[in-house]
**Student:** 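Got a structure for you, written out below as structure tokens; questions coming shortly.
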Amino acid sequence: MAQKPSVPKGTRDFSPLEMSRRNYIFDTIKTVFQLYGFQCIETPAMENLSTLMGKYGEEGDKLLFKILNSGDFAGGVGEQELLERNSIRLTNLISEKGLRYDLTVPFARYVVQHRNDISFPFKRYQIQPVWRADRPQKGRYREFYQCDADIVGSDSLLNEFELVQMIDEVFKRLRVNVVVKVNNRKILAGIAEMIGEANRITDITVAIDKLDKIGLENVNMELLEKGVSAEAVRKLRPILELTGTTAEKLGQLEKAIGSSLVGQKGIQEVRTLFAYIGYGKPEAKVELDLTLARGLNYYTGAIFEVKAKDAQIGSISGGGRYDDLTGIFGMPGVSGVGISFGADRIYDVMTQLELFPEEAVTTTKVLFLNFGKAEEAWCLPVISQLRGAGVPSEIFPEADKIKKQMMWADRKQVAYVVMAGEQEIAQGKVNLKDMKTGDQQLVSPEELIRLLSDVHS
RNA sequence: GUGGAUAUAGCUCAGUCGGUUAGAGCGUCGGAUUGUGGUUCCGAAGGUCGUCGGUUCGAGACCGAUUAUCCACCCCA
């Protein structure tokens, strides 16, 4: 046997069924984005490496897919560099482009590059694949889609609120039960400041992010290992153990870190956001989670994360505010806030919970069986009329056995089959079969068009 | 980058202590039924047991290497 073909690891094919379901998710997200006034843009799959490198930390750089220069890419490499075997230097010589790692950095580049054509605040959405060279595992791919919505050029917390509303709306429409977790980097900074470890904020946030996964004791151990003082760990403990309503948590937190300026600002922001949320009355549970940290280091204000209640798959959506993302591209002082829906994980959750409605499958509505040349000639004008009326219709291209044609219709999940053979045509009618119930009725072509273009669609 | 597991038909997997000719279910194809699918019955096709080497009279099974895949960690959507 020939070698079995395959796709690169972490990548996937999508069948017609999978695609109609994926499009159901994409369409829902797109509709909600547009409902809130976001406009669509696209950026290239590849970016200059100079745009991407250094934006995702040292780890991130390793996870970038690099594209080999075209032509004689080894031509410019000297003996010296080859002998050195320094991968990073060598990479710079033979690759100057990479596949995008997320949609936020290309968007920042876009904003800087097109600043004269954009009127701020700029609300954009973008639904495109991104690539990461990490090791795939459950719910984790090397090629996956992100659905991002960001607002840049506005500091208002109304934007944060709008994003929470959109999260709520999207998951309401998809019928996925979620918890929206909210936190604020400024509060985390305040905490770090108060326990006397202000410059260890990254280590601290990364560690406490794991709280619900590995427990308090392990978090403390990790903090100590990273060199955070025992005194600081002791001080941190009561803050991590805060309970109660959001207002109660904030009250206690204020006592604990109120003397930190940045901490106080954070508390204020969260209060304002929750006040807005109070007006919006979202269906999903929105809660303040002080242990929510999120990895991306560019967040400076609010951070969001969405988890599916009934499935264990990690976060299916997340985002936050970044005060100065465009600064690295030479455009300081532009604040942005955004969210990203992980369509692939949402798909996995919905599959697991069987949440896809039947209508999510897009297929032919009616198939005309093929009885031969004479019947074809009679059917084709009827099919044209159906299509004209917006009914997805087709005729089986071969005059195969009826059984075979029926089987094909069944597998394609066609809703109706029309049989117009010699008998029916003699009466000027067709036999319409409902594939779900098996019922058949003899109708005229006019009735057929009326029936199929009717309510059902 | 670190650790663990797996690899047998298109798919999911069984294969006992190393012993004759490699097993099932599902799927595919054909037929029962030349104008009726999703249910039933009958039949058929489909395998270099991931690859290379070793142990042995004998290897799908044991050992080594290699490749691929999956899972977990790190990190993340």
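Computed from a predicted model, the values in this text were never measured in an experiment. First the proteins, then the strands, lettered A, B, ... as listed; each starts at 1.
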**Student:** Suppose we screen for ring-ring contact (aromatic ring centres under 6.0 Å, His included). Which residues come up paired with A/Y110, at least two apart in sequence or across chains?
**Tutor:** A/H114
**Student:** Could you tell me whether A/S340 contacts a base, only the sugar-phosphate backbone, or nothing, with contacts defined as non-hydrogen atoms closer than 4.0 Å?
**Tutor:**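 A/S340: no heavy atom of the nucleic acid under 4.0 Å.
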**Student:** Taking only nitrogen or oxygen atoms into account, show me every contact under 3.5 Å that the protein makes with nucleotides 68-70 of chain B, one pair per line with its distance.
**Tutor:**
none

**Student:** With a 4.0 Å cut-off on heavy atoms, is A/I316 in touch with a base, just the backbone sugar-phosphate, or nothing at all?
**Tutor:**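 The residue A/I316 makes sugar-phosphate contact but no base contact.
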**Student:** If you look at every strand shown and take non-hydrogen atoms under 4.0 Å, does A/G60 touch a base, only sugar-phosphate, or nothing?
**Tutor:**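 No contact.
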**Student:** Are the ring of A/F371 and the six-membered base ring of B/G35 within the stacking cut-offs of under 5.5 Å and under 30°?
**Tutor:** no
**Student:** Within residues 37-54 of chain A, which residues have any heavy atom lying less than 4.0 Å from an atom of RNA chain B?
**Tutor:** none
**Student:** Need one value for A/Y145: base, sugar-phosphate or nothing, where a base atom within 4.0 Å counts as base even if backbone is also close, heavy atoms only.
**Tutor:** nothing
**Student:** What are the residues of residues 400-413 of chain A, sorted by number, that bring a heavy atom to within less than 4.0 Å of RNA chain B?
**Tutor:** A/K401, A/I402, A/K403, A/M406, A/M407, A/D410, A/R411
**Student:** Checking all strands, does A/G421 fall into the base, sugar-phosphate, or nothing category for heavy-atom contacts under 4.0 angstrom?
**Tutor:** base
**Student:** With a 4.0 Å heavy-atom cut-off, tell me which residues in residues 172-184 of chain A come close to RNA chain B, sorted by residue number.
**Tutor:** none
**Student:** Quick one: do A/E18 and A/R22 make a salt bridge, cutoff under 4.0 Å?
**Tutor:**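 Looking at A/R22 together with A/E18, the answer is no, because their closest N to O distance does not fall below 4.0 Å.
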**Student:** Please give the stem ranges for RNA chain B, sorted by first residue number, where a stem is three or more consecutive Watson-Crick or G-U pairs and both donor-acceptor distances are under 3.5 Å.
**Tutor:** B:1-7 with B:67-73, B:10-13 with B:23-26, B:28-32 with B:40-44, B:50-54 with B:62-66
**Student:** For nucleotides B/A24 and B/U66, find the distance between their P atoms and express it as a whole number of Å.
**Tutor:**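 Each nucleotide's P atom is 37 Å from the other's.
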**Student:** Would you please classify the geometry between the A/Y101 ring and the A/Y56 ring as parallel, tilted or perpendicular, with 30° and 60° separating the classes?
**Tutor:** tilted
**Student:** Spell out yes or no: do the side chain of A/E422 and the base of B/G35 have one donor N/O and one acceptor N/O closer than 3.5 Å?
**Tutor:**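 Looking at the base of B/G35, it does not pair with any donor or acceptor on the side chain of A/E422 (distance under 3.5 Å).
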**Student:** How would you label the contact of A/E424 with the nucleic acid (heavy atoms, under 4.0 Å): base, sugar-phosphate, or nothing?
**Tutor:** base
